[in-house]
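This structure is a prediction, so every number in the text was calculated from the model and none was measured. Just so it is clear, the values below take in all heavy atoms, side chains as well, and ignore hydrogens, waters and symmetry mates.
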Protein chains: 2
Amino acid sequence: MTKNAKPLETRWYDDACGTAHALELVGERWALLVLRELVFGPRRFGELRASLPGISANVLTQRLEGLEHAGILKRTQLPSPQKAQVYELTPWGYESEPILQVMGRWAARSPQHDPTLPLSPSSILMSFRTMIDVSRARAFSGTFGFRFGDETFHATLEGGNLAVRRASIDDVDVAFTTDPMTLAAVVYGGVALAEAEAAGTFAMTGNRTLARRFLSLFHLPPKAT
Amino acid sequence: MTKNAKPLETRWYDDACGTAHALELVGERWALLVLRELVFGPRRFGELRASLPGISANVLTQRLEGLEHAGILKRTQLPSPQKAQVYELTPWGYESEPILQVMGRWAARSPQHDPTLPLSPSSILMSFRTMIDVSRARAFSGTFGFRFGDETFHATLEGGNLAVRRASIDDVDVAFTTDPMTLAAVVYGGVALAEAEAAGTFAMTGNRTLARRFLSLFHLPPKAT
DNA sequence: CGGCATCCGGGAAGATACTG
DNA sequence: CAGTATCTTCCCGGATGCCG
């Protein structure tokens, strides 16, 4: 029963500013990265832990408790066969995505940003939603599937927006099978598609013309100074 | 000479995600609130400390060092007469304002947000930039001055945007003299102008019709759930 | 295996006192 | 006024173990 539910009303900003309150809600270490991993759909404890390199189990437990208490996520039991419990953002929790996007766009301009570090599937797909060239994207539409190991994501491009969700990827126009770092290298790092395919770390099926057009939609902002 | 300037390269997220990098840059406690206080112009150490209820001097020193090292702000000496040192955001640092705005807009919908806590001048003016009704604001323009004790801010409304900077407020169409909490109560809390004026905590000079129109431009978003 | 509790070491934050 | 030094408190991270 989690006996120690101390709200610890101390140690907080005594400030009516919305930004300060946001920091009380999601300002603790790892909190926003937990949201990042949940933004495309519910996940289990172990999946979250595997996607967050370096987080410890007890800290993840604390964050999930705090975020649930704040009304940002809720834990739900899957129907009987699985008997597993998953964490899912509430509608208001899903609205936190712009925070992640704006922070990512700004930090991508940092002179110290190292794009060669590991990347999670959520991260690269979130970056697509952030870095998409809306005006060029409006010119076409399509459905795209991503397979990263055993995780699959379904993306629908339409009206300049890329809607992404964790789902199976049957019936997509293009399906990519790769890993997040290779995908980032191809899209942002100027690595040639043919090179990545030859290396065996990148494969795609479906409409290759559409695929190339899609992959050229995303660009990092220029570095500051 | 601050002998121990080691950034302690450990304790960070090993993650290429832009959001994760942003958290490395401004994810420490107080960091974003320091930026909030700098977003309308340079300030001195003591001014920052006074605007950040509860921060201690050594933590503020650490944050300023870290933010300077990251290239988000720089310390500059004022010309000879003052011999004072101020902290000022770099151009890229100023671009962090959308982070503050998006977080504030999202957190304002939190069921737990308490708008009766103390508020800094930067906070209320930042909230105006965030919560402005752009379509209605496009319909007119004007210049507005705010005097909070000895701090003054100059705001220019034009094209739906409210540009704010710390500056003297001569030659404005309307000048408000009040405190941030009273201003928030009038704009967001439904407190009548006449009531606040009668209480002596709110005064304005200039075009009163324009003033009323201006003050009605700003609204908090509805609470979630 | 998933989730949570406990213990421990290290380090960051908070408070106070002190210096130029 | 602008920080620095010191001490205490608390959070974070890792390890371990319990229980369903």
Trainee: Could you tell me the separation between the OH atom of A:Tyr13 and the C1' atom of C:dG14, rounded to a whole number of Å?
Mentor: 13 Å
Trainee: B:Val59 has a side chain; which of C:dG2, C:dG14, D:dG3 sits nearest to it?
Mentor: C:dG14
Trainee: Can you list the residues that meet the side-chain hydrogen bond (donor to acceptor under 3.5 Å, both in side chains) rule with A:Ser120, with sequence neighbours excluded?
Mentor: A:Glu37, A:Ser123
Trainee: Between C1' on C:dA12 and CH2 on B:Trp12, what's the gap in Å once rounded to a whole number?
Mentor: 10 Å
Trainee: Do the side chains of A:Arg129 and A:Glu97 get close enough for a salt bridge, i.e. N-O under 4.0 angstrom?
Mentor: yes
Trainee: Measure CD/B:Glu28 against P/D:dC12 and give the value in whole Å, please.
Mentor: 13 Å
Trainee: Can you label the angle between the A:Tyr13 ring and the B:Trp30 ring as parallel, tilted or perpendicular, going by 30° and 60°?
Mentor: perpendicular
Trainee: Could you please name the option among D:dG3, C:dG14, D:dC12 that lies closest to any side-chain atom of B:Arg75?
Mentor: D:dG3
Trainee: Kindly state whether the ring of A:Phe214 and the ring of A:Phe144 have centres lying under 6.0 angstrom apart.
Mentor: yes
Trainee: Does C:dG14 have its OP1 or OP2 closer than 4.0 Å to a side-chain nitrogen or oxygen of B:Trp30?
Mentor: yes
Trainee: Specify the separation, in whole Å, of atom CG of B:Leu64 and atom C1' of D:dA2.
Mentor: 11 Å
Trainee: Expressed as a whole number of angstroms, how long is the span from B:Leu60:CG to D:dG3:P?
Mentor: 9 Å
Trainee: Considering residues at least two apart in sequence or located in another chain, which fulfil the ring-ring contact (aromatic ring centres under 6.0 Å, His included) criterion with B:His113?
Mentor: A:His21
Trainee: Do any side-chain nitrogens or oxygens of B:Gln85 fall under 4.0 Å of OP1 or OP2 in D:dG3?
Mentor: yes
Trainee: The side chain of B:Arg29 is closest to which nucleotide in this list: C:dG14, C:dC4, D:dC1?
Mentor: C:dG14
Trainee: Count the heavy atoms of every other residue, nucleotide or ligand shown that sit under 6.0 Å from CZ of B:Arg147, and state whether that count exceeds 12.
Mentor: no
Trainee: Round to the nearest Å and state the distance from B:Phe45 atom CZ to D:dT4 atom C1'.
Mentor: 10 Å
Trainee: Could you check how far CZ of B:Arg43 sits from P of D:dA2, rounded to whole Å?
Mentor: 11 Å
Trainee: Report the C-alpha distance between B:Arg36 and B:Ser51 in whole Å, list the side-chain angles of each, state the deciding distance to 0.1 Å, and finish with yes or no for side-chain hydrogen bond (donor to acceptor under 3.5 Å, both in side chains).
Mentor: CA-CA 10 Å; B:Arg36 180 192 75 192; B:Ser51 297; over 6 Å; no
Trainee: Could you tell me how far apart A:Leu52 (CG) and D:dC12 (C1') are, to the nearest whole angstrom?
Mentor: 14 Å
Trainee: Is there a side-chain polar atom (N or O) of A:Arg49 under 4.0 Å from OP1 or OP2 of C:dC1?
Mentor: no
Trainee: State which of C:dA5, C:dG14, D:dT4 makes the closest approach to the side chain of A:Glu65.
Mentor: C:dA5
Trainee: Which atoms of nucleotides 14-20 of chain D (N or O only) lie under 3.5 Å from a protein N or O atom, and what are those distances?
Mentor:
residue: D:dG14; atom: OP2; partner: A:Gly54; partner atom: O; Å: 3.2
residue: D:dG14; atom: O6; partner: A:Asn58; partner atom: ND2; Å: 2.5

Trainee: Do any side-chain nitrogens or oxygens of A:Gln62 fall under 4.0 Å of OP1 or OP2 in D:dC11?
Mentor: no
